[in-house]
Every structure is written in C-alpha cells, then in structure tokens.
K.L.:
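Once you've had a glance at the structure underneath, I'll fire off some questions.
In this chain, numbering begins with 1 at the start of the sequence shown. Source: prediction; values computed, not measured. Atoms within a ligand are numbered from 1 in the order they appear, just like the ligands themselves.
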Amino acid sequence: MQRFDVIVVGAGFAGMQMLVRLRQLGVSFLVIERGSDLGGTWYWNRYPGCRCDVPSLDYSVPWDPETEQEWDWSERYAAQPEILNYIQHLAERHDLRRDIRFDTVVSSVTWDEDCGLWVVRTDRGDTFEAQFVVSGAGALSEPNMPDISGIGNFKGELYHTGLWPKTPVELAGKRVAVLGTGSTGVQASTAIAKAAKHLTVLQRTAQYSLPCHTPPLTEADLAARRADYPEHREWQRNSVAGVAPRLPTPFAMRAFDDPKETRFENYERCWQAGTAALVGVYGDASTNAEVAEEIAEFVRNKIRGVVKDPVTAERLCPPPGTYVGARRIIIDTGYYEIFNQPNVTLADITGDPIVEITETGVKTRDNFYELDMLVVATGYDAVTGPLLAMNITGKNGARLKDVWAEGPRTNLGLMIAGFPNLFTITGPSSPGVLVNVMFAIDQHVDWICRCIDHMRKTGAPKIDTTEQAQNEWQAHAAETYAKALRMNDEKNWYLGTNIPGKPRAPLVYQGGLGFYRNICDEIAADGYRGFVFG
Ligand code: NAP
C-alpha cells in the first residue's frame with residue numbers, strides 16, 4: 001500500500017494550487033482526479049456558450065506572477081475553451097501532471113484511528129494511506145440529474161451540461177430542448193439558438209438574467225492590469241468578493257434618499273455596465289424590499305422591451321416579490337433576444353408540467369416536443385455533494401453522510417469535528433463559490449498549508465476541531481445568512497433546496513472574503529483556537 005503525507009482529491013484550480021504549495025512544503029503527496037486531465041469545472045463544462053461570470057483579469061491564479069505578465073486574455077469574460085487553454089498552459093509550465101493520477105474516482109476515505117491515517121480507496125482498486133486528506137473536489141461538480149419519468153427511454157442525444165462530451169456535438173439541423181434556466185441553461189440556450197434547427201427552452205422558474213457585456217480586451221487594458229497585479233491581488237484577497245467593481249457603487253447608502261429620476265438613471269448606468277452592478281447600486285438594494293422590488297420591476301421592463309411577443313415576455317419575467325440577486329446572478333450575452341427568433345420556443349413547464357420523457361421527446365400535460373437532443377442544465381448537488389460522494393468515514397466509524405443528515409456542520413468551512421486531518425477547500429460555510437472562487441481557494445490553500453507546516457514543525461500528528469468551535473462558527477455563519485435578503489428565494493442551491501430531499505441549510509458564508517480571511521488568520525495566530533492537536 002502506498003503511503004503519502006497528503007492526498008488531494010481533485011485537480012481543478014484548488015487541487016492545482018494545493019499541488020504547487022505542497023511541492024514547496026517538501027511533503028510527499030498525490031492528487032487524484034476523476035477526469036482525464038486537469039481543469040475541474042472547466043474540464044467538464046464544455047457545453048456551448050459556457051463562460052465565466054468573473055472578469056478574466058480577476059479570475060486567474062494568484063500564484064504564478066510570470067504567467068500573469070504573459071497571458072493575453074482575449075475578452076472581459078473568458079469563455080470555457082480559453083480558460084481550459086490557460087489551465088493547460090499552467091499544467092505544462094509547472095509540470096503539474098506528473099503528480100496527478102487521472103481517470104480515478106475516490107470511492108472511500110476512512111479514518112484509521114489506530115494508525116492515525118486516512119485510508120483512501122479508488123474505483124481502480126488502489127488503496128493509499130495518508131496523514132492528511134484535502135478535498136479540492138469543488139462545490140459545483142456533482143451533477144444533478146432530474147428524476148423525470150421515462151428519461152432513460154429517450155433515444156435521442158441526452159447530455160448533462162456538466163458532463164458534456166469532449167468530442168464535437170453537432171447542433172445543425174437538430175431539434176433541441178434545454179431543461180433548466182439557471183446560469184448554465186441561459187448560456188447554453190443563447191448559444192444553441194444560433195446553431196440548432198429549433199430550440200425549446202423548458203422553463204420551470206423564470207429568473208433574471210443581466211447583460212455581461214464582454215468586449216475584447218485591448219493591449220491598454222492588459223498593460224494596465226499587468227502594471228498593478230501585485231496590488232490588485234492584495235486588494236482582491238481583502239475585498240468582499242474578490243471582483244473589481246464595474247462602477248463605484250453604491251451610489252448612496254439609501255436609495256430613497258435620491259429622487260426617482262436619479263434612481264432610475266443609476267439603475268440604467270448599472271444595466272449598461274452589466275453583471276452584478278445593479279445588485280449593489282444602493283447600500284440597501286438587497287435589504288430594503290421596496291428598493292429591491294423597484295429594481296426588479298426595472299429589469300422586468302427591460303425584458304418586456306426586448307422580447308416582442310408579450311406572452312413570452314411575461315413568462316420570462318419573475319413574478320413581483322422576486323428580487324434581482326435572490327439567487328446567484330445570471331449573466332448573458334443576448335439571452336432574451338433569442339426569443340425573437342423564429343426557431344426558439346419558450347415552454348412554461350410550471351403551467352404545463354412535464355408528464356414524461358418518451359423515446360422521441362418531452363411530453364407535457366398539453367404538448368409534445370419532438371426532439372433530437374435533450375440538454376439537461378439542472379445544476380448540481382452543490383458544496384456537500386462532492387464531499388458526500390467520497391464516502392467519508394471519520395472517528396468511531398461515523399459516516400459523514402449520517403453526521404450531516406440534518407445539514408453540514410464545519411468549523412470555518414475548513415474542518416469537520418470528528419474527521420481529523422481532513423481539510424475541505426471551499427467547504428460548507430466558507431465563502432467558497434459565493435465570491436471569486438479563485439481567491440476563496442487561495443485563502444484556504446494558504447491556511448491549510450501553513451497549518452500542515454506548523455504541525456510538521458511542532459511534531460503534532462493530528463488536528464481536529466472542537467464541537468464547540470464548530471457550533472460557534474455555524475451560529476456566526478447563520479447570522480450572516482439571516483441578514484441577506486437573497487434568502488427570500490427558497491429554491492436556491494446556496495441553501496441546498498434545489499435538490500429534492502436535501503436538508504435545507506446555508507452552504508456558503510455571507511460575511512465576505514476579507515472579513516473571513518481575518519477571522520481565519522486571527523484563529524491561527526491565537527494557537528489555532530478551537531482546534532486541538534493530537
Ligand atoms: P441552477 O442554478 O441550480 O439551475 C438549475 C435549473 O434547472 C433551474 O432553472 C431549475 O429550475 C431547473 N431544474 C432543476 N431540476 C429540474 C427538474 N427536475 N425539472 C425541471 N427543471 C429543473 O444550476 P446551473 O444553471 O447549472 O448553475 C449553478 C451554478 O453554477 C450557478 O449559480 C453558478 O454559480 C455556476 N455557473 C456559473 C456560470 C458562469 O460563470 N457564468 C455558468 C454556469 C454555472 P427551478 O429554478 O425551478 O429549480
């Protein structure tokens with residue numbers, strides 16, 4: 001049986017940064033990855049239209065200053081192929097692949113109390129031992145396949161967007177339906193509408209989508225960022241979300257201090273700036289329901305202004321009381337415009353629910369959509385799904401699945417009481433994917449590696465968190481959650497409520513990246529308060 005100091009699960013951006021840092025620490029380690037190459041999300045999500053919702057100049061690794069100076073991002077929001085190229089460039093430059101075991105799924109992770117080691121088994125029959133296990137398995141990597149009657153009978157092409165084939169998928173001349181209208185469904189539909197013979201968008205819940213505006217980056221844009229990357233990185237690390245604002249918002253703390261005309265001018269400026277600017281237009285834009293509703297109606301009017309058929313336009317408008325930002329912001333490159341194309345149909349599957357999927361298409365109560373291809377954009381079992389999929393068993397034979405039956409509990413999103421020496425990058429109740437995940441990863445990797453280094457220097461073989469510290473962190477994380485108006489939308493992967501049967505529990509920390517970083521640093525400086533070394 002092979003033994004390592006550290007086993008890292010996943011070779012996306014988290015696993016890659018962990019790999020680089022572990023080499024620097026001089027410990028023995030192995031990275032296990034289920035894909036055939038690196039990239040995580042960007043490896044699997046090859047669906048048409050896939051694009052990052054964080055600007056390229058903010059969404060690049062902070063651990064390679066040379067590549068920062070050399071890499072030419074082509075547009076403001078990079079599309080998936082460009083990000084995957086960038087990942088492959090990093091892999092070659094740092095010779096990352098030699099430390100990664102590809103095409104391997106971790107099937108169980110079991111704590112051996114007698115040896116003080118984790119035993120990691122894989123679907124290829126390997127058994128490894130390691131002092132530490134670090135999950136870099138990601139937060140949005142466990143696809144949610146909808147349990148729709150007959151879905152297995154469909155004889156056409158069926159793809160989940162998160163498991164898109166590596167070989168080209170031909171759309172021309174085909175009748176395609178996209179199921180789901182979250183970030184993925186909106187992006188996929190916008191792209192598929194351009195190529196397919198006919199596209200049916202199967203919408204259960206209307207959501208707001210904001211324009212992203214993604215012009216090409218000029219030499220001047222790149223040069224300006226290259227000149228201040230070190231300062232910019234430092235700012236990102238300590239900011240709320242790690243993303244440079246498009247406009248200097250909020251324009252004022254209280255919206256209604258401004259007259260109506262000024263407010264609407266500001267909403268328009270944010271709309272033109274694109275992405276999430278509108279959510280932060282005023283200090284109370286997401287806490288004062290009256291302001292939030294005014295902004296929501298502003299966006300609904302934008303939808304009505306684009307979509308020519310009034311019935312379709314109304315179907316695309318979330319109902320009053322649904323706020324912009326109540327779920328993760330969706331950004332697009334012309335989504336509402338596709339509904340003016342003759343080859344696109346919006347099917348409201350709430351008013352006319354799906355009854356079954358047959359061999360040839362989707363049967364709703366009142367209609368039948370004959371299809372050559374069904375694209376499933378139904379999201380993920382977020383944050384906890386990838387961890388639970390590993391079948392983790394901690395001290396005293398406690399299975400993580402049972403320990404988290406009522407919802408996940410962690411200390412700082414980094415460790416779980418009773419699961420010693422197991423670290424979770426972007427784990428539940430950490431800022432994770434709520435913020436620019438590149439910097440959530442950066443902070444976690446740094447904290448974990450400093451902790452491992454500390455243990456090596458002090459000779460401590462084992463670290464666990466106390467139940468009390470975990471309870472305190474959960475209470476604090478819940479408080480930050482309660483303050484956010486976005487919780488008004490109950491069906492939200494941030495809460496786990498997008499998955500039938502999954503316990504409702506806040507999955508991301510809402511207190512901001514910089515604030516969170518300070519807490520983690522302060523705990524480490526205070527002798528890892530709330531953690532016990534064995
Ligand atoms: P999502 O936001 O969870 O959306 C899933 C969609 O599928 C929803 O419209 C949902 O409808 C629908 N759905 C789920 N189960 C269904 C069922 N059984 N029948 C019919 N409809 C069903 O998932 P996502 O769009 O993949 O996005 C997840 C996250 O990934 C995003 O929030 C974002 O963080 C990330 N992402 C980012 C980007 C980007 O960077 N631009 C792109 C893609 C994804 P209901 O609303 O009715 O549940």
Side-chain angles (χ1 to χ4, degrees), residues 40-42 44-56 58-59 76-80 83 138-149 151 160-164 177-191 201-212 214 241 243 274-276 316 318-319 322 325-333 335 346-357 362 364 374-383 385 426 432-438 440 486 489-502 507-508:
T41 286
W42 303 108
W44 294 103
N45 282 267
R46 294 161 188 258
Y47 61 85
C50 182
R51 183 183 296 282
C52 186
D53 60 1
V54 175
S56 318
D58 291 331
Y59 191 85
R76 189 184 280 157
Y77 293 92
Q80 177 270 343
I83 301 176
L140 294 160
S141 51
E142 200 57 32
N144 166 41
M145 274 309 274
D147 183 17
I148 301 175
S149 165
I151 194 162
H160 190 288
T161 48
L163 299 169
W164 199 262
V178 173
L179 178 64
T181 51
S183 299
T184 306
V186 163
Q187 287 185 338
S189 296
T190 307
V201 178
L202 299 162
Q203 173 187 277
R204 191 164 71 175
T205 307
Q207 291 198 55
Y208 302 105
S209 181
L210 308 177
C212 82
T214 178
V243 184
T275 64
L316 286 163
T322 315
R327 293 193 189 185
R328 169 96 173 189
I329 295 290
I330 299 175
I331 62 169
D332 71 78
T333 53
Y335 175 60
L346 177 69
D348 164 20
I349 55 166
T350 297
D352 177 20
I354 295 177
V355 177
E356 66 168 326
I357 294 177
V362 174
T364 62
L374 177 60
V375 175
V376 178
T378 46
Y380 297 89
D381 182 354
V383 188
T426 65
V433 271
L434 182 64
V435 300
N436 178 351
V437 74
M438 205 66 94
R486 65 167 58 94
D489 193 332
E490 264 303 306
K491 210 193 295 155
N492 198 321
W493 64 259
Y494 288 148
L495 279 173
T497 42
N498 63 322
I499 301 293
K502 184 166 173 171
L507 296 174
V508 281

K.L.:
Would a distance-only check, ignoring hydrogens and angles, find a side-chain to backbone donor-acceptor pair under 3.5 Å from K502 to W493?
P.N.:
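Between the backbone of W493 and the side chain of K502 there is no qualifying donor-acceptor contact (under 3.5 Å).
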K.L.:
Among all protein heavy atoms in this structure, tell me which lies nearest to atom 32 (O) of ligand 1, with the distance rounded to 0.1 Å.
P.N.:
W493 NE1, 2.8 Å
K.L.:
Would one find an N or O of Y47, backbone or side chain, under 3.5 Å from an N or O of ligand 1?
P.N.:
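The answer is no, given that Y47 and ligand 1 share no N or O pair closer than 3.5 Å.
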K.L.:
What I want to check is whether the side chains of T190 and D332 have a donor and an acceptor closer together than 3.5 Å.
P.N.:
no
K.L.:
Below 4.0 Å, non-hydrogen atoms only: which portion of A382 touches ligand 1? Side chain, backbone, both or neither.
P.N.:
neither
K.L.:
Less than 4.0 Å is my threshold; does some heavy atom of L140 fall inside it relative to ligand 1?
P.N.:
yes
K.L.:
Has Y494 got any heavy atom lying under 4.0 angstrom from an atom of ligand 1?
P.N.:
no
K.L.:
Identify the heavy atoms of P146 and V376 that sit nearest to each other, and give their distance.
P.N.:
CD-CG1, 3.5 Å
K.L.:
Compare G162, G379, P143, G180 and give the one whose heavy atom is closest to atom 12 (C) of ligand 1.
P.N.:
G180
K.L.:
Strictly under 4.0 Å, does any heavy atom of R327 approach an atom of ligand 1?
P.N.:
yes
K.L.:
For V433 and ligand 1, answer yes if some heavy atom of the residue is under 4.0 Å from a ligand atom, otherwise no.
P.N.:
no
K.L.:
Hey, what do you get for CD (Q207) to CD1 (I329), rounding to the nearest 0.5 Å?
P.N.:
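That separation rounds to 9.5 Å.
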K.L.:
Could you tell me if the side chain of V375 sits less than 4.5 Å from the side chain of T161, heavy atoms only?
P.N.:
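A side-chain contact under 4.5 Å exists here.
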K.L.:
Would you call L202 a ligand 1 contact, heavy-atom distance under 4.0 Å?
P.N.:
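For ligand 1, residue contact (heavy atoms, under 4.0 Å) with L202 is absent.
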K.L.:
For ligand 1, find out whether one of its N or O atoms is nearer than 3.5 Å to an N or O atom of T184.
P.N.:
yes
K.L.:
Atom 10 (C) of ligand 1: which of K491, Q80, Q207, R204 has the nearest heavy atom?
P.N.:
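Answer by nearest heavy atom: R204.
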K.L.:
Among all protein non-hydrogen atoms, which one is nearest to atom 20 (C) of ligand 1, and what is the separation to 0.1 Å?
P.N.:
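Answer for atom 20 (C) of ligand 1: L179 CD1, 3.6 Å.
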K.L.:
For ligand 1 and D147, I'd like to know whether there is a polar contact (N/O to N/O, distance under 3.5 Å).
P.N.:
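No, since none of the N or O atoms of D147 sits under 3.5 Å from an N or O of ligand 1.
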